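Sequence lines set the chain letters: A, B, ... in the order given, protein chains first and strands last, and positions in each chain run from 1. The shown structure was predicted, so the numbers you read here are calculated from the model rather than taken from an experiment.
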There are 2 protein chains.
Amino acid sequence: MTNSEPAPLRPFLARLLRHSALDEVEQAAIMKLPGIVAEVGTHRDIVRLGDKVKHACLVLSGIVGRFSQDRVGRRQMAAIHLRGDMADLHSVVVPQATSTLQALSAATILHVPHGEIVTLARTYPAIADAFWRDCVVDAAIMAEWLTSMSLRSANSRTAHLFLEVAWRLGIAAGERPVSYDFPITQERLGELLGLTGVHVNRTLKALRTHEVLDFHHGKVSIIDWEKAAQLADFDPAYLEAASHRLPAGRSRRG
Amino acid sequence: MTNSEPAPLRPFLARLLRHSALDEVEQAAIMKLPGIVAEVGTHRDIVRLGDKVKHACLVLSGIVGRFSQDRVGRRQMAAIHLRGDMADLHSVVVPQATSTLQALSAATILHVPHGEIVTLARTYPAIADAFWRDCVVDAAIMAEWLTSMSLRSANSRTAHLFLEVAWRLGIAAGERPVSYDFPITQERLGELLGLTGVHVNRTLKALRTHEVLDFHHGKVSIIDWEKAAQLADFDPAYLEAASHRLPAGRSRRG
DNA sequence: CGGGGTCTTGAGGTGTTTCAACGTCGGTGG
DNA sequence: CCACCGACGTTGAAACACCTCAAGACCCCG
């Protein structure tokens, strides 16, 4: 079965186009990428640490996390992938997984063969650049997380995560109040934020009390974007630096 | 001036060859990369946040750090680059810097024009892959740092850093005691580790007392590699996953 | 011989963890 | 239809790792 959905690659192409200029031929080539669709249940591993994979995983729906684990079993997520993200595009050049990929909610995955991706990159240099750039953008996000971990408090860090996800989902700016589905437990939020489940709970309560944002029943509502952005010291520059259509001088939000 | 040193690109090529197979023609092409050599003093910025750069920075000597900063001025390093590392190879595809690059010690930098790098990548697909792979390896290191920040204690984290650097310098395994130059202040070590300078001091004292390792006058000595590796939960798999000459089934150290 | 940067040590404060108990909700079987 | 159960959420109290502030020692360089 190659592509049961109508146009599963559309969101992936959209993501690429956010940072890379591709002409119509190149876009058409991306849209023709074949793959196998798989439904993955919550908390199911998609790729395990050390696996040698032959496919990259495109997230069609749901939330996918990449994490590592220590001896005791405590986990820390290094990345989160949403609809349209190729969660392990990097596996094309490093097939042996250095971390585990897991579905944080029920998810739909399109497994795209490395061979097809390589062929595309070889044929169209602009696509090769786009893939490379995609990995670099993910790295920039991870660098921001690293900063977050050490420099921001639990409250600030939590707000920052929710703002980042809102931004990446494309539902930021302008229209308020912003809200979106984020079906994940507090325990797992803790693994994203480097906090215990218990403290995540206290943190969410504080953010709700101060009318910054609200997280309930797998739904995030950003009550006051300005207040949240200030608390989180959120500057989307790291998400937008690769934007090729960016109108030049733009950084701190107004 | 193009290349005053005898063979400044040799260590960079060596780094690429650790993870990518390149034939003689490709290797020769890398060695011919032109660039401008610059001496950079301690604590001098090489690239500033937001800069649009046209060159990538190859570290010929010294230590270079990539960091971000919050409003208060506290800093967190997201990466460290040693001799042979192209510190911002990613700038080829994302020229606008999302973090600052600074010399942590006196350093020598070779500025390589993006144009030359792109030409090479376009001409030799294997080189394009190698560059992409290089960025992915750096990302894997950053992911490990992220894990370190949240899962490991100050002692463990510090040991982990010194082991990683030893490994990356290629002076690991077998011969003990291992020692190498690492000319950096405790304050700046704190920015690498996400600790205050004061606590770095206490941490180093503890590690010295327990005869794990020693850091004095810009020199690291790993007194007991096994003990250090155990304390740090250090597994070099994340550094070796991309190794194309790896003898297959290898992960946890014995 | 003074001075600035770095290292060292102490005492007290704070954010987060740990442990533990209890509440709530949705599902499942009697 | 109610009793039960497990997963998840909520709250409290105490412990702990690390931070902050502060003072003094060391040491190289001018």
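The side chain of A/Val198 sits closest to C/dA20 out of C/dT16, D/dC18, C/dA20.
Judged by atom type and distance alone, A/Arg202 reaches the base of D/dG12 through a side-chain donor-acceptor pair under 3.5 Å.
Nucleotide D/dG9 holds its P atom 8 Å from the CG atom of A/Asn201, rounded to whole Å. For A/Phe215 and D/dC8, the CZ to C1' distance is 11 Å, given to the nearest whole Å. When rounded to the nearest whole Å, the span between NE2 of A/His199 and C1' of C/dT16 equals 5 Å. Taking atom CD of A/Glu191 as the reference point, atom P of D/dC8 lies 11 Å away to the nearest angstrom. In this structure, CG of B/Leu193 is placed 11 Å from P of D/dC18, rounded to the nearest angstrom. Taking atom CG on B/Leu204 and atom P on C/dC7, their separation rounds to 9 Å, with Å as the unit. If you take CE of A/Met149 and P of C/dT16, they are 10 Å apart, rounded to a whole angstrom. When the C1' atom of D/dA7 is taken as reference, atom CZ of A/Arg188 falls 11 Å away, rounded to whole Å.
Under the 3.5 Å distance criterion, with hydrogens and angles disregarded, a donor-acceptor pair is assigned to the side chains of B/Ser150 and A/Gln76. Checked by atom type, the side-chain pair A/Gln230/B/Arg71 shows no donor-acceptor distance below 3.5 Å. Side-chain contact check for B/Ser61 and B/Arg83: no donor-acceptor pair (N or O, by modelled atom type) lies under 3.5 Å.
Within the nucleic acid shown, B/Gly194 comes within 4.0 Å of sugar-phosphate atoms alone, with no base atom in reach, counting heavy atoms only. Counting non-hydrogen atoms under 4.0 angstrom, B/His216 reaches the backbone sugars and phosphates but no base.
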Check against salt bridge (Lys or Arg N to Asp or Glu O under 4.0 Å), A/Asp85 and A/Arg168: CA-CA 10 Å; A/Asp85 291 353; A/Arg168 283 170 61 187; 3.0 Å; yes

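Between B/Arg208 and A/Thr196, it is B/Arg208 whose nearest contact on DNA chain C lies nearer the 5' terminus. Where B/Leu195 and A/Lys205 each meet DNA chain D at their nearest nucleotide, the meeting point lying more 5' is that of A/Lys205.
The side-chain contact (heavy atoms from CB on, under 4.5 Å) test with B/Ile46 singles out one residue from B/Val59, B/Thr100, B/Val64, and that residue is B/Val64.
Remark: A/Gln186 is not in phosphate contact with D/dA7, judged by side-chain N or O atoms under 4.0 Å from OP1 or OP2.
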